[in-house]
Amino acid sequence: EAQVTQNPRYLITVTGKKLTVTCSQNMNHEYMSWYRQDPGLGLRQIYYSMNVEVTDKGDVPEGYKVSRKEKRNFPLILESPSPNQTSLYFCASSRHDTDTQYFGPGTRLTVL
Amino acid sequence: AQRVTQPEKLLSVFKGAPVELKCNYSYSGSPELFWYVQYSRQRLQLLLRHISRESIKGFTADLNKGETSFHLKKPFAQEEDSAMYYCALSGNTGFQKLVFGTGTRLLVSP
């Protein structure tokens, strides 16, 4: 089944404790993105990747890192999480630019 | 800069009533526009995109470049249409930067 998976689905952590949210797609898509969804603000793009080893900042990249060492994986790294990063995070992938995005199920992160 | 505006946070209608979810955009080039939907406890999924010119689940959306709008319409709402709807815009600049609106929650009551 073609899909985008994210792990973990739920995470509660404390300020400053490094964490990684994984994202994987099995559709051989070139493009992958990370978004955060906050009430009243909709979805905002954090980072995106056009292909392996090619990444760029979205609208709200501060406090986040990404890597794209393999085509299928696009992990989101929070080196030192803070409470304002408490949010619902979505990973998405698509074949190429302007194409339909396929979203993961979301990761609900709480930073205490 | 790309911007998408969805002025209504909540739209509440009765079953069988017409629905129009508003979306206005700001973009200097030629945009690609999408509507994504998120049903309760499900992931976001594409509902339709303007380039396809198709009707999905009875919904249609027409790109009006003069008014810079891409409103989503359905003549007769169903209870199963209750969901969060996001309008999104992508530029045609060759790299992927998708900008979402803040979303409109549609509630269809029996």
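Per chain, numbering begins at 1; letters A, B, ... match sequence-line order. Values reported hereafter were calculated over all heavy atoms of this structure, with side chains retained and with hydrogens, waters and symmetry mates removed.
Contact count against chain A (heavy-atom pairs under 4.5 Å) is highest for B/Leu44 among B/Leu44, B/Val99, B/Val4.
A/Thr107 and A/Gln6 share a side-chain donor-acceptor pair at under 3.5 Å. For the 3.5 Å distance criterion, the side chains of B/Thr102 and B/Gln6 fail to qualify, holding no donor opposite an acceptor. Side chain to side chain, B/Ser26 and B/Arg3 fail the donor-acceptor criterion of an N or O pair below 3.5 Å.
Residue A/Leu43 touches chain B through both its backbone and its side chain, counting heavy-atom pairs closer than 4.5 Å. Looking at A/Phe90, the atoms closer than 4.5 Å to chain B (heavy atoms on both sides) all sit in the side chain, from C-beta outward. Contacts between A/Asp38 and chain B at a heavy-atom distance below 4.5 Å are absent for every atom of the residue.
Aromatic rings from A/Tyr35 and A/Phe103 are positioned such that their centres are separated by under 6.0 Å.
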